[in-house]
Structures are given as C-alpha cells and as structure tokens.
A.B. asks: 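Before I ask anything, let me first share the structure, which is written out below as structure tokens.
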Amino acid sequence: MRRYRPPRSPMLPRQKAKLICFFLSVLLITLTLVGTSHLRALLGNLAVTRVTNLVGQLVTAAVSDAVEGGEIQYNSLISLEKDETGHVTALQSNMAEFNRLQSAITQDVLTRLDQMSDIDLSIPVGTLTGSALLVGRGPSLTVRMQSMGSCSARFENQFTQAGINQTTHRVMLYVDVSMSILLPGFRTGTQVSSSFSVAETVIVGDVPDTYTYFDSGRDIEEEAHEYAINNG
C-alpha cells in the first residue's frame, strides 16, 4: 500500500526574492574581496615603485648640490703625506670633516623628504579584475598615499688599480633611506640605497703602507684598533 505524499507547495515569490538576494549578496562580497585583494597588491607595488623613484631623485639631488657647491673637496677630506722624493707615504682622513658632511647630507635628505607632499595613485578599474584584456581600461580609482622616512649616510675609502704603478683612491658615500608608506587600510615600506663617488685622486707609485682608514659606518673601537696597527 503506497503512502500518501502531499504535493509540494510551490515556492512563494517572497522566498524566491530572498534566495536571489542571498546569492547576489554572496557574489557581491566575493567580488569585493577579490577586488580588494588585487587593489592592495597593485597599490603596494605602485606605491613602492613611485616612492623609490622619488627618493632616488631626492638623494641624487642632495649629493649633487653638495658636490657642485664645493662642500666636498678631496683635499679637505684626505691629507697626503710625502717623503723627500715626493712619493706618497701616508694618507690621513679628516674625521671632523667627514662627520660634518655626513650630518649635513643626512639632514638635507631628511628635509627634502619632509617636503614630499601626499601622492595620488590612480588605478583603472579594469586592472583590478586581474584580466589581461581589461588592464588599463575603465574609470580610474584614485587613492592618496602618505610616506615618511629615515636616512643614514656613511663614507668609505676605496682603492682600485688605475694602471701601471698607479692607484685610484675614491671616497665613496653610501646613503640608505628607509620609507614607510601609508595607504588606505594597510601600510608597506621600502629601502632605497644609493652610492656615490664624491672625491677621488690618482696616487702615482706604490700604495702607502700607512693610512688612516675612515668608515663612518664602523664602530669607533674598530677604527682605533686599525689606526693603531697601521701606525704601530
């Protein structure tokens, strides 16, 4: 004997509407999450690239102004000691001048960084979809970026062979800038490192056995120990 099964009542229009709204809400949330993920990655990469380029230009301008302004002179940084025949027997660094320049260049870079205004980043909506066909298409979404940074500078001596019985002595300047980038909802950062040859000379003859090596990034005890060895 078969059981009696009452016929199923058809879904009411209100229930259909609720079901459709539910699926649409899920779809909208999914698209929002995907778009936000793409947006964060794209904004982070774009912000790092933009800040890296700007900081590189600022550091180069600061060092170029110092060199062109005559603040960095080889003779004021390095003293050459010669014997009675005119051969260079020793090199000595002017520690006070190195420290002054290091402080001045660091402060100049920080001042230029403080003058950087907020930057607007624009990304086409089509780029957020992740589709190669839609990259660069559609209206642009504009986001404002803020950045702040710290700077450190150091000098180092460098000796390279320049030819027969000739050696080039360079004073190298290394500038490291650490940037923190603030974007809506998250932050990122980058470090920009630059190196410059700010002074040099060619030493004819053998490299002197005695010289005061200056590296502003090293510990002062190491400097004193090396000085004692070289001048022992």
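Model, not experiment: these values are computed from the prediction.
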A.B. asks: If you look at every heavy atom in Ala153 and Thr106, which pair is closest and at what distance?
C.D. replies: CB-OG1, 3.5 Å
A.B. asks: Give the intermediate values and the outcome of side-chain contact (heavy atoms from CB on, under 4.5 Å) for residues Leu91 and Ser79.
C.D. replies: CA-CA 6 Å; Leu91 277 71; Ser79 298; over 6 Å; no
A.B. asks: Which value, rounded to the nearest 0.5 Å, describes the distance between Met148 atom CE and Ser178 atom OG?
C.D. replies: 13.5 Å
A.B. asks: Out of curiosity, does Leu101 fall in the hydrophobic cluster containing Tyr174 (side-chain heavy atoms, cut-off under 4.5 Å, transitive links)?
C.D. replies: no
A.B. asks: Tell me the side-chain hydrogen bond (donor to acceptor under 3.5 Å, both in side chains) pairs involving residues 44-63, sequence neighbours left out?
C.D. replies: none
A.B. asks: Between Gln92 and Ile78, is there a side-chain heavy-atom distance shorter than 4.5 Å?
C.D. replies: no
A.B. asks: Val67: which residues meet the side chain to side chain contact (heavy atoms under 4.5 Å, CB included) condition with it, sequence neighbours left out?
C.D. replies: Val63, Ile72, Val198
A.B. asks: By salt bridge (Lys or Arg N to Asp or Glu O under 4.0 Å), which residues pair with Glu200, not counting sequence neighbours?
C.D. replies: Arg170
A.B. asks: Each residue besides Val202 in its hydrophobic cluster should be listed here, by chain and number; the cluster joins Ile, Leu, Val, Met, Phe, Trp and Tyr at side-chain heavy-atom distances under 4.5 Å.
C.D. replies: none
A.B. asks: The criterion is side chain to side chain donor-acceptor pair (under 3.5 Å); which residues satisfy it with Asp120, sequence neighbours excluded?
C.D. replies: Arg144
A.B. asks: Kindly indicate whether the side chain of Phe155, heavy atoms from C-beta on, has any atom under 4.5 Å from the side chain of Ile105.
C.D. replies: yes
A.B. asks: How many angstroms lie between atom CD of Gln158 and atom OG of Ser197, to the nearest 0.5 angstrom?
C.D. replies: 7.5 Å
A.B. asks: Test: salt bridge (Lys or Arg N to Asp or Glu O under 4.0 Å). Region: residues 174-193. Which pairs qualify, not counting sequence neighbours?
C.D. replies: Arg154-Asp176
A.B. asks: Which residues satisfy the side chain to side chain contact (heavy atoms under 4.5 Å, CB included) test with Ala62, sequence neighbours excluded?
C.D. replies: Asp108, Val109, Arg112
A.B. asks: Got a sec, which pairs hit salt bridge (Lys or Arg N to Asp or Glu O under 4.0 Å) with one end in residues 95-105, sequence neighbours left out?
C.D. replies: Glu97-Arg100
A.B. asks: Using every non-hydrogen atom in the two residues, find where Cys151 and Val175 come nearest and quote the distance to one decimal.
C.D. replies: SG-CG1, 3.8 Å
A.B. asks: May I ask whether Leu46 and Val48 are part of the same hydrophobic cluster, defined by side-chain heavy atoms of I, L, V, M, F, W, Y residues being less than 4.5 angstrom apart, directly or through others?
C.D. replies: yes
A.B. asks: My understanding is that only residues two or more places apart in sequence, or in another chain, count here; which of them pass side chain to side chain contact (heavy atoms under 4.5 Å, CB included) with Met116?
C.D. replies: Leu54, Leu58, Leu113, Ile119, Ser147
A.B. asks: Any side-chain heavy-atom pair from Ile181 and Met145 closer than 4.5 angstrom?
C.D. replies: yes
A.B. asks: Assess whether side-chain contact (heavy atoms from CB on, under 4.5 Å) is satisfied between Thr168 and Phe159, documenting all intermediate values.
C.D. replies: CA-CA 6 Å; Thr168 300; Phe159 293 90; over 6 Å; no
A.B. asks: When hydrophobic residues are tied together by side-chain contacts of less than 4.5 Å, even through go-betweens, does Leu80 share a cluster with Val171?
C.D. replies: yes
A.B. asks: For Tyr74, which residues count as a ring-ring contact (aromatic ring centres under 6.0 Å, His included) partner, sequence neighbours excluded?
C.D. replies: His169
A.B. asks: I'd like to check the side chain to side chain contact (heavy atoms under 4.5 Å, CB included) partners of Ser194; sequence neighbours left out, ordered by chain and number.
C.D. replies: Val59, Val192, Phe196
A.B. asks: Where do Phe98 and Ser93 come nearest, in terms of heavy atoms and distance?
C.D. replies: CE1-CB, 3.6 Å
